[in-house]
**Q** 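Below is one structure. I have some questions about it.
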Amino acid sequence: MRSISLLVRSCKNEFVTIPAPIDVILSDKEVRQPDLIMIHKDKLHLITNKGVEGSPDLVIEILSPTSIKCDRKDKMETYAAYAIREYWLIDPKQKALEQYVHEESQYDLREVYLEDHPIESNYINVCRFQ
């Protein structure tokens, strides 16, 4: 989706964007490797030689037939447990982006964006999405 590349470019003053492969170390027993993460520059201390040690601000996963169950269930539950503020699932086949926002220990589906519609985020509001 074109919106993602615009997001990355427009957020570079406030956020660091890191594509896979990067380990996101959430605990001693929980390590994930999302497709793309964003970390606010106030939290750069999370980036170490091992990977990202702690919760990024945004995690993006790109769905594929082999990852859909893991991304929609396992990873979503894990990211919610570690209070990652936003979780986005991109379905390249449908050209859709599902935006989940962390609220009260779980994710709520905030919006589904189709094609290149502008993405709105209350948290990552310093960036352009269109």
**Q** For residues Glu98 and Trp88, determine if any side-chain heavy atom of one lies less than 4.5 Å from a side-chain heavy atom of the other.
**A** no
**Q** With sequence neighbours left out, what residues match Glu86 under salt bridge (charged side-chain N to carboxylate O under 4.0 Å, His left out)?
**A** none
**Q** Quick one: pull up CG in Leu63 and CD1 in Ile68 and give me the separation to the nearest 0.5 Å.
**A** 5.0 Å
**Q** Only distances under 3.5 Å count here; give the side-chain donor-acceptor pairs of residues 101-109 to other protein atoms, sequence neighbours excluded, each with its distance to 0.1 Å.
**A**
unit_1: His102; atom_1: NE2; unit_2: Ala80; atom_2: O; d: 2.9
unit_1: Glu103; atom_1: OE2; unit_2: Arg110; atom_2: NH2; d: 2.4
unit_1: Tyr107; atom_1: OH; unit_2: Ile84; atom_2: O; d: 2.7

**Q** With rounding to the nearest 0.5 Å, note down the distance linking CE in Met38 to CZ in Phe15.
**A** 5.0 Å
**Q** Can you name the nearest heavy-atom pair linking Pro34 to Ala20, along with the distance?
**A** O-CB, 3.3 Å
**Q** Does some side-chain heavy atom of Ile60 sit less than 4.5 Å from a side-chain heavy atom of Ile37?
**A** no
**Q** With distance as the sole test, does Ser55 use its side chain to make a donor-acceptor pair with the main-chain N or O of Tyr82 at under 3.5 Å?
**A** yes
**Q** Just how far is it from atom CD1 of Ile47 to atom CD1 of Ile22, taken to the nearest 0.5 Å?
**A** 7.5 Å
**Q** Test of understanding: with side-chain hydrogen bond (donor to acceptor under 3.5 Å, both in side chains), list the residues that count as partners of Tyr79, not counting sequence neighbours.
**A** Glu61
**Q** Just verifying a value: how many Å separate Arg85 CZ and His40 NE2, rounded to the nearest 0.5 Å?
**A** 9.5 Å
**Q** Would you call the rings of Tyr100 and Tyr87 parallel, tilted or perpendicular if under 30° counts as parallel and over 60° as perpendicular?
**A** tilted
**Q** Does any part of the side chain of Pro56, heavy atoms only, come nearer than 4.5 Å to the side chain of Leu46, both counted from C-beta?
**A** no
**Q** Using only atom types and a distance under 3.5 Å, with no angle test, would you say the side chain of Ser67 pairs donor to acceptor with the backbone of Cys70?
**A** no
**Q** Test of understanding: with side-chain hydrogen bond (donor to acceptor under 3.5 Å, both in side chains), list the residues that count as partners of Thr78, not counting sequence neighbours.
**A** Arg32
**Q** Return the set of residues passing side-chain contact (heavy atoms from CB on, under 4.5 Å) with Lys93 (not counting sequence neighbours), or none when no residue passes.
**A** Asp91
**Q** Which value, rounded to the nearest 0.5 Å, describes the distance between Gln99 atom CD and Ile90 atom CD1?
**A** 11.5 Å
**Q** Identify, with sequence neighbours excluded, every residue that meets side-chain hydrogen bond (donor to acceptor under 3.5 Å, both in side chains) alongside Asp74.
**A** none
**Q** So, taking the atom named CG in Leu89 and the one named CD1 in Ile62, what distance separates them when rounded to the nearest 0.5 Å?
**A** 10.5 Å
**Q** Going by the ring-ring contact (aromatic ring centres under 6.0 Å, His included) test, which pairs reach into residues 58-78, not counting sequence neighbours?
**A** none
**Q** Kindly write out the residues that satisfy side-chain hydrogen bond (donor to acceptor under 3.5 Å, both in side chains) with Lys29, not counting sequence neighbours, or none if the list is empty.
**A** none
**Q** Do the non-hydrogen side-chain atoms of Asp35 and Pro19 ever get within less than 4.5 Å of each other?
**A** no
**Q** Keeping to residues at least two apart or across chains, list the salt bridge (charged side-chain N to carboxylate O under 4.0 Å, His left out) pairs with something in residues 47-59.
**A** Lys43-Asp57
**Q** With sequence neighbours excluded, what pairs up with Lys41 under the salt bridge (charged side-chain N to carboxylate O under 4.0 Å, His left out) test?
**A** none
**Q** Within the 4.5 Å heavy-atom criterion, are Val52 and Asp23 side-chain neighbours or not?
**A** no
**Q** Applying salt bridge (charged side-chain N to carboxylate O under 4.0 Å, His left out), name anything that partners Asp71, two or more places apart in sequence or on another chain.
**A** Lys75
**Q** With ring-ring contact (aromatic ring centres under 6.0 Å, His included) as the rule and sequence neighbours excluded, what pairs involving residues 45-74 come up?
**A** none
